[in-house]
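First the proteins, then the strands, lettered A, B, ... as listed; each starts at 1. Because the structure is predicted, anything quoted here is derived from the model rather than measured.
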Amino acid sequence: MAELTTTKLNAESHLLLDQPLLRMPYELSRRNQKTAQRYVENGTKDLLTTLAATTKAATKSASPDATLTSIDSMISKMQGLKRKLESLHEEEVKIHRSNKARLQHLQHLYEVQSLVDVKYDEWSRIRLSRLLVDYLLREGYSQSAAHLAASQGIEELVDVDAFVACHRIEKNLREEQSTTLALNWCRDNAKELKKVGSMLEFELRLQQYIELVRQGHVAGIGDVYMDGEADGMNGVSLGGAGGETKLVEARAHAKKYLSASGDFDLLGRAAGLLAYKPWDDVEPYASLYSSSRWDHLAHLFLTTHHNLYSLPPRPLLHIALSAGLSALKTPACHSAYTSSSANASSSTTSVCPICSTELNELARNVPYAHHTKSIVENDPVVLPNGRIYGRDRLRLFNEKIGTERGWVRDPVEGVKGDKWRESEVRKVFVM
Amino acid sequence: MAPPPNGMQELMEQVELFEKTANLSASINDVHNTIDLLTTARAKIAADPQTAPLTLAKLQDPLKKSLEAAQKDIKPIYSGLGKYGKALDKRFKDKPLPTAENDALSSHPQLINRAIAMHLLREGEFSVASTFIQEANRHPPHAEPTLNTPNPYLNESWEKDIAEGTFNSEKLQEQFAEMYHILHELRQEKNLGPAIEWARARSDILEARGSNLEFELCRLQFVCLFSGHGTDGEDQLMDGTLHGPLQAWTYARREFGSFQRRYAKEVQKLMGALAYHENVPESPYGNYFSNDTAWEEVATSFTREFCSLLGLSADSPLYIAATAGAIALPHLLKLQSIMEKTRTEWTTQNELPVEIPLPPSYHFHSIFVCPVSKEQSTDQNPPMMMPCGHVIADESLQRLSKGARFKCPYCPSESHPRDAKKVFL
């Protein structure tokens, strides 16, 4: 009875890790549709205006050539629109194909009734591969991810392209210290970002401002040196033209992009940058000038991106493994004593996954599983050294190693260990 | 009420609708029509420039219509997506995206990477593994401290090996390559040679572990020779019926000597079968020679021995742990929501607060829960057996006895706590 309850598979509650699998294609479809709509709307508006203008010009007896040129440009615009829609359509077909594969994959789980079914085993292996690819993509190991996905034939079930694109932007911020790609991304997703009240674009614009001010100050130094007036230069009074232009540009930039925020505290600090140079080492300006802001931006971008695509903040592998390590862990897994029931020293037991090299250290800090009842082998007996075994397993082991009749050896100690008379083996009661 | 058990059917139907009708092909057609209209008009004007104003004026309406159609034809996609989104929300209602709570792993990315590398190797994904090890060595991961593990650098030394590229994947890869080579020979080629060679080289260790692997392999070899599969070498000249049994007999005389002590009975049986070589299936030895699963069985037991000798479990720990995790998640989630509702906190730091019902195949160690205190035994609080044979935890023993003779809580016998004996499960 107990066995039935622990092996029954309830697909409905089992699909906790799989929501992102379906969210991604959905979000991609939505974006695709919106882009298409934007293209068509803009194309329509554009064409109708041009047509009206051309008609008007033609009635006012424009040269036939001009009319034809204008029609040609309308045709080529429409061809452009058609090409764009066709490529969106290709994308759409691809998304639907992958979405279908994902739905089919999840549907398979509904056809499995038991956790000990071989089919569940197969399904769960595919899931592990998915989780691994997800992990690799998040860590930026895109080559490995693509390689694994291809080798397992699960390309439709993972989002390699989306993550590669995401990482290009993250790298652009973190390593190349450039806001270009991230700002393009903000533009493409402007509506959605506004809806969730994202601060990403503001932060990027702020960084652009900081960089302009920094360039202004650095250029200013050169000017000052050339002027030979290194002394008495404090605050905003900068000498050189190069530095000054940059600072003017910075102010204009701030007015255009930052002033609307209403965060006067921050605006005050931003304005203060004009007075404090990057090397002045005065807070709070030093932290605005700090290069660690790029890491902050990269991180902010990632969170915003994952949020927008309904991707969980941490790799799903972490979530599955944390739960799994705890569910499997027993006090014996990090014990100083060899466990009688699962160890590497005798062929009558298999090595416990938590004791295995791969996971042992990883599991050291997680809590162990809760049990309310002892779980021991059938008909337990105890050897004079205190080790407890199921009677059958002890007998089987001793038969296999060819212990003389009437004697027993401890499976953990093996043939080289002590040997006792069978009469010394006692029955033990574990309740 | 549980949702109708139609699985992913509803979502699937919607996607099929997208594929069939609700897609951009209609709009593309509309744009194509627009282009046709324009091209026709252009031809007309080119042929007769006089008609330009009229042609253009006439073009106005159809052009507008065809472009409006293009916009209208996107609508079904929009509404379809709306429907699909709602169905998706419904499907995953009460199933929040898993949160990052209790993530003890982010602080040990090196260990995760090592586990993944080993997983890939043991699954035989050698080329993926080498791509991964290269990429991971080029870009070592950054540890992020999390709630449960405040100092990620605590155990730096053992995390260093992969970070510095000294993780000895080559050796491991060599070992697993050998394993896959042997398994391939076993399963696909039905060739026992490499497996027997491997087992023979480790004869002593395997014997000490109580493993029958070597004998099982040799026995299968004998059976193969007997039934004429797998030729042992040169003597092709023998005549048909006797060929197999004779080869088997030669093989047994040459190889079975070392098994005489441990497997005398088994060897006897095999030799006895030789007498029945003309009709083995009907003989008392029939079952030895008609075991279809024999190959798979030796392959499995070979894999287990091979991994055990490396100190590794037979199935990938990453696989078992991730699967157990997926089984555990619904329970942990339920716990989380109860704790949120009742505003209680998880008080037992070392132990999960709920029992996770895993299938029996996920139980590896025996578990001792003290019947008195209901606590699991640990190194600090080990199980103790009283002279009557009943076992309770050490702390319970101390509490019950207070250092003096006491009665076992489960039977009438009395004993002194110093007569209790530490036992190992």
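When heavy atoms are compared at a cutoff of 4.5 Å, A:Val428 approaches chain B by way of both its backbone and its side chain. Proximity to chain B is limited to the side chain of A:Glu92, based on heavy atoms less than 4.5 angstrom apart. Both the backbone and the side chain of B:His390 come within contact range of chain A, each with at least one heavy atom under 4.5 Å from a heavy atom of that chain. Interface residue B:Gln9: backbone and side-chain heavy atoms are both found under 4.5 Å from chain A. For B:Met12, the parts lying near chain A are the backbone and the side chain together; criterion is any non-hydrogen pair under 4.5 Å. Only the side chain of A:Leu359 comes within contact range of chain B, with heavy atoms under 4.5 Å apart. Of the two parts of A:Arg387, the backbone and the side chain both hold a non-hydrogen atom closer than 4.5 Å to a non-hydrogen atom of chain B. Within the 4.5 angstrom heavy-atom criterion, only side-chain atoms of B:Thr34, from C-beta onward, approach chain A. Proximity to chain B involves both the backbone and the side chain of A:Lys100, based on heavy atoms less than 4.5 angstrom apart. If you measure heavy-atom distances from B:Leu120 to chain A, the contacts under 4.5 Å come from the side chain alone. Residue contact with chain B, scored on non-hydrogen atoms closer than 4.5 Å, is absent for A:Asn10. For B:Leu37, no part lies under 4.5 angstrom from a heavy atom of chain A. For a residue to count as touching a neighbouring chain, one of its non-hydrogen atoms must lie under 4.5 Å from one of that chain's; by this rule A:Gln104 touches chain B with backbone and side chain alike. For A:Leu15, the parts lying near chain B are the backbone and the side chain together; criterion is any non-hydrogen pair under 4.5 Å. Using a 4.5 Å cut-off between heavy atoms, A:Leu51 touches chain B through backbone and side chain atoms alike. Heavy-atom distances place the side chain of A:Leu136, and not its backbone, under 4.5 Å from chain B. Heavy-atom distances place both the backbone and the side chain of B:Ser127 under 4.5 Å from chain A. With a 4.5 angstrom heavy-atom cutoff, A:Tyr135 touches chain B only via side-chain atoms. Using a 4.5 Å cut-off between heavy atoms, B:Leu88 contacts chain A through both its backbone and its side chain. At a 4.5 Å heavy-atom cutoff, the contact between A:Leu132 and chain B is made by side-chain atoms alone. With a threshold of 4.5 angstrom between heavy atoms, A:Arg127 approaches chain B through side-chain atoms but not through N, CA, C or O. Heavy atoms closer than 4.5 Å to chain B are found nowhere in A:Ala11, neither backbone nor side chain. Looking at B:Glu305, only its side chain comes within 4.5 Å of chain A, counting heavy atoms on both sides.
Side-chain N or O atoms of B:Asn23 include one that pairs as donor or acceptor with a backbone N or O of B:Phe18 at under 3.5 Å. Looking only at distances, a side-chain donor or acceptor of A:Ser340 sits under 3.5 Å from a matching main-chain atom of B:Phe424.
The greatest number of non-hydrogen atom pairs below 4.5 Å with chain B, out of A:Leu328, A:Leu317, A:Asn360, A:Asn385, is found for A:Leu328. Contact count versus chain B (heavy atoms, under 4.5 Å) is highest, among A:Leu103, A:Ile401, A:Ile95, for A:Leu103. Interface check for chain B: of the options A:Lys56, A:Gln79, A:Arg97, A:Lys427, the most heavy-atom pairs under 4.5 Å are formed by A:Gln79. Contact count against chain B (heavy-atom pairs under 4.5 Å) is highest for A:Arg426 among A:Glu111, A:Lys329, A:Arg426. Heavy-atom pairs under 4.5 Å with chain B were tallied for A:Ser374, A:Ser142, A:Gly324; the largest tally goes to A:Ser374. Chain B forms the most heavy-atom pairs under 4.5 Å with one residue out of A:Val376, A:Asp72, A:Leu88, A:Ile354, and that residue is A:Asp72.
Within a 6.0 Å radius of CZ in B:Phe92, other residues, nucleotides and ligands contribute more than 12 heavy atoms. The local environment of NZ in A:Lys34 is crowded, with over 12 non-hydrogen atoms from other residues, nucleotides or ligands closer than 6.0 Å.
A salt bridge links B:Arg122 to A:Glu358: at least one charged side-chain nitrogen sits closer than 4.0 Å to a carboxylate oxygen. In this structure, B:Glu123 pairs ionically with A:Arg125, as a charged nitrogen and a carboxylate oxygen lie closer than 4.0 Å. Ion pairing between a basic and an acidic side chain is recognised when a charged N comes within 4.0 Å of a carboxylate O; B:Arg304 and B:Asp315 show no such pairing.
In this structure, A:Tyr368 has its ring center at least 6.0 angstrom away from the ring center of A:His334.
No donor-acceptor contact under 3.5 angstrom links the side chains of A:Asn99 and A:Tyr26, judged on distance only.
Of the candidates A:His89, A:Gln33, A:Glu86, A:His89 is the only one forming a side chain to side chain contact (heavy atoms under 4.5 Å, CB included) with B:Leu24.
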